[in-house]
Amino acid sequence: LYSNETTHELSVWAEDISANRTESESVSVVVDNAPAMITFNMLFEDELWLESNSVQITPDGGYAFLGSKGQLNFGFADFWLVKTDSFGEMQWEKTYHSGNDRGHALEVTADGGFILVGTRRSGADTDAYLLKTDASGTEEWSQTIGEVGQVDAAFDVKQTPDGGYILTGSTQIASTFNTYTAMWLIKTDGSGNLEWDKTYPYTSNGGSGVTNSAGNSIDLAADGGYILGGTGMGDEVNEAIDQVWIVKTDPVGTREWVFAFGERDQDRCYDIITTQSGEYVAATWMYYDSFYGIHLIKLSQSGDLVWM
């Protein structure tokens with residue numbers, strides 16, 4: 001989800017299992033206090049499996065999107081970065097690292113390049129993966145972040161005012177009674193070196209214990225802290241209930257407040273942004289008002305529900 005008040009960028013993908021191929025499509029929708037209009041759409045096809053997960057407007061007025069390209073049924077995929085002009089025509093594409101990598105999000109950096117995040121799998125390890133390129137897509141550096149022998153992942157990234165990066169995703173935590181995943185906040189320097197990280201375990205409304213959670217989106221808050229949107233998954237009382245799980249932190253990752261909402265299975269927050277007024281808007285998939293669908297939620301700076 002991207003918004004500059006009039007333009008909203010969407011990136012979608014679909015897989016034709018029978019044909020064992022995927023088509024990726026990037027759509028720009030322009031809204032001007034009138035019904036939404038599709039200004040263009042482009043289809044990218046390949047013999048390999050394609051996935052597009054994130055799109056950004058570039059300084060030249062074009063677009064860049066990140067996903068994965070490979071053959072998942074054979075256990076390999078690469079980060080896939082595509083740059084287009086303002087009409088969606090491909091200008092160049094790059095793939096990074098032959099292995100089992102999944103590209104989840106990108107951002108245009110202050111120097112005009114790109115910061116990419118996702119996951120990298122090697123044997124029993126799955127790690128958060130961070131990769132920096134210049135404006136032409138040439139790799140400058142990469143970092144893996146995670147513990148040996150466990151499943152870690154990064155799903156979103158933003159550049160911070162100090163030139164570093166803030167990431168969110170999920171990491172495994174071993175407790176006395178079980179192992180679960182927790183929403184994960186990671187802060188790095190400008191070269192991707194870990195400075196600190198924090199976890200935010202999910203405790204559902206119906207249970208007293210901690211269950212799985214994950215961070216799907218992150219943005220910088222107006223006060224210098226961070227806002228994370230994700231999912232809290234089930235509880236020991238009712239395993240079927242997943243909830244929208246939103247966490248606000250201060251600049252060093254200390255949790256300030258949480259917002260949880262959900263009535264049925266698969267209630268999830270997929271994206272969250274800070275508005276110009278310092279409030280927060282989250283894009284969710286959930287059951288509300290008697291149907292499943294895409295719902296926008298607006299929260300105040302203190303985490304109170306403004307509208308849904």
Side-chain angles (χ1 to χ4, degrees), residues 1-3 54 104-105 107 109-110 115 117-118 128 130 143 145-147 152-173 175 180-190 192-205 210-233 242-262 267-284 296-306:
L1 175 65
Y2 166 83
S3 174
S54 181
H104 292 304
E107 185 177 59
T109 53
I115 189 71
V117 296
L130 184 65
Q143 296 279 5
I145 303 172
E147 297 295 331
D152 303 307
F155 299 120
D156 199 13
V157 63
K158 293 291 186 295
Q159 190 169 31
T160 52
D162 64 359
Y165 303 98
I166 199 81
L167 295 72
T168 192
S170 63
T171 185
Q172 281 187 327
I173 296 177
S175 69
Y180 59 92
T181 62
M183 179 183 281
W184 196 18
L185 176 63
I186 304 164
K187 175 66 173 69
T188 78
D189 64 16
N193 299 302
L194 180 66
E195 292 185 332
W196 52 260
D197 66 329
K198 298 289 180 73
T199 57
Y200 310 101
Y202 168 74
T203 302
S204 66
N205 292 338
V210 175
T211 57
N212 296 329
S213 63
N216 296 323
S217 179
I218 192 168
D219 202 6
L220 308 182
D223 62 2
Y226 309 107
I227 188 76
L228 297 82
T231 307
M233 294 171 273
D242 290 353
Q243 288 194 315
V244 171
W245 181 240
I246 296 172
V247 176
K248 169 67 172 63
T249 81
D250 68 10
V252 294
T254 302
R255 191 175 76 175
E256 295 182 329
W257 53 259
V258 300
F259 175 87
F261 184 89
D267 294 339
R268 301 180 180 189
C269 175
Y270 285 106
D271 210 345
I272 193 164
I273 60 173
T274 303
T275 66
Q276 293 179 354
S277 63
E279 298 174 303
Y280 310 103
V281 174
T284 72
L296 292 181
I297 297 175
K298 187 172 187 179
L299 302 179
S300 70
Q301 292 186 37
S302 58
D304 297 317
L305 181 65
V306 177

Let me confirm one number: the [atom1]-[atom2] distance from [X] to [Y], rounded to the nearest 0.5 Å.
| X | Y | atom1 | atom2 | answer |
| --- | --- | --- | --- | --- |
| Ile115 | Leu167 | CD1 | CG | 7.5 Å |
| Lys248 | Thr254 | NZ | OG1 | 10.0 Å |
| Met183 | Leu228 | CE | CG | 5.5 Å |
| Lys198 | Leu185 | NZ | CG | 8.0 Å |
| Ile173 | Trp184 | CD1 | CH2 | 10.0 Å |
| Arg255 | Thr249 | CZ | OG1 | 11.0 Å |

Who are the salt bridge (charged side-chain N to carboxylate O under 4.0 Å, His left out) partners of Lys158, not counting sequence neighbours?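 Here the qualifying residues are Asp156.
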
task = Output, in order, the C-alpha distance, side-chain angles, deciding distance and verdict of side chain to side chain contact (heavy atoms under 4.5 Å, CB included) for Ile145 and Asp152.
result = CA-CA 8 Å; Ile145 303 172; Asp152 303 307; over 6 Å; no

Is the backbone N or O of [Y] less than 3.5 Å from a side-chain atom of [X], with the two atoms forming a donor-acceptor pair by type?
| X | Y | answer |
| --- | --- | --- |
| Asp271 | Ser217 | no |
| Gln301 | Ser277 | yes |
| Thr181 | Asn212 | no |
| Glu107 | Gln159 | yes |

Review point. Of all residues at least two apart in sequence or in a different chain, which pass the side chain to side chain contact (heavy atoms under 4.5 Å, CB included) check with Leu305?
Key: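 Once residues adjacent in sequence are excluded, the partners of Leu305 under the side chain to side chain contact (heavy atoms under 4.5 Å, CB included) criterion are Phe259, Ile297, Leu299, Met308.
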
- Task: Can you sort out the partners of Thr160 under side chain to side chain contact (heavy atoms under 4.5 Å, CB included), two or more places apart, ordered by chain and number?
- Result: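 For Thr160 the side chain to side chain contact (heavy atoms under 4.5 Å, CB included) partners, ignoring immediate neighbours, are Asp162, Ile166, Lys187, Leu220, Tyr226.
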
* Asked: Within a strict 4.5 Å, meaning less than it, do heavy atoms of the Thr188 and Gln143 side chains meet?
  ->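 No, too far: nothing below the 4.5 Å cut-off.
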
pair Leu194-Ile186: side-chain heavy atoms closer than 4.5 Å =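 The answer is yes, as the side chains (C-beta and beyond) meet within the 4.5 Å cut-off.
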
- Begin with the C-alpha distance, continue with both residues' side-chain angles, and end with the deciding distance and a verdict on side chain to side chain contact (heavy atoms under 4.5 Å, CB included) for Thr274 and Tyr280. CA-CA 5 Å; Thr274 303; Tyr280 310 103; 3.6 Å; yes

Query - Partner set under ring pair (Phe, Tyr, Trp, His ring centres under 6.0 Å) for Phe155, not counting sequence neighbours - result: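 So Phe155 forms a ring pair (Phe, Tyr, Trp, His ring centres under 6.0 Å) with His104.
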
Going by the rule side-chain hydrogen bond (donor to acceptor under 3.5 Å, both in side chains), which residues pair with Asp219 if we only count those two or more places apart in sequence or in a different chain?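 Asp219 satisfies side-chain hydrogen bond (donor to acceptor under 3.5 Å, both in side chains) with no residue once adjacent residues are dropped.
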
- Item | With Glu147 via side-chain hydrogen bond (donor to acceptor under 3.5 Å, both in side chains) - residues at least two apart |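 Not a single residue meets the side-chain hydrogen bond (donor to acceptor under 3.5 Å, both in side chains) criterion with Glu147.
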
[X] and [Y]: which non-hydrogen atoms are nearest, and at how many Å?
| X | Y | result |
| --- | --- | --- |
| Ala222 | Gly278 | CB-CA, 4.1 Å |
| Ala128 | Ala153 | CB-C, 4.0 Å |
| Ala214 | Ser170 | CB-CB, 3.9 Å |

### Query
So which of Val244, Thr231, Asn216 actually passes side-chain contact (heavy atoms from CB on, under 4.5 Å) with Cys269?
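In the set Val244, Thr231, Asn216, the residue that makes a side-chain contact (heavy atoms from CB on, under 4.5 Å) with Cys269 is Val244.
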
(message) Val258 vs Tyr200, test: side chain to side chain contact (heavy atoms under 4.5 Å, CB included). Steps then yes/no.
(response) CA-CA 10 Å; Val258 300; Tyr200 310 101; over 6 Å; no

Trace of the side chain to side chain contact (heavy atoms under 4.5 Å, CB included) decision for Ile246 with Ile227:
CA-CA 7 Å; Ile246 296 172; Ile227 188 76; 3.7 Å; yes

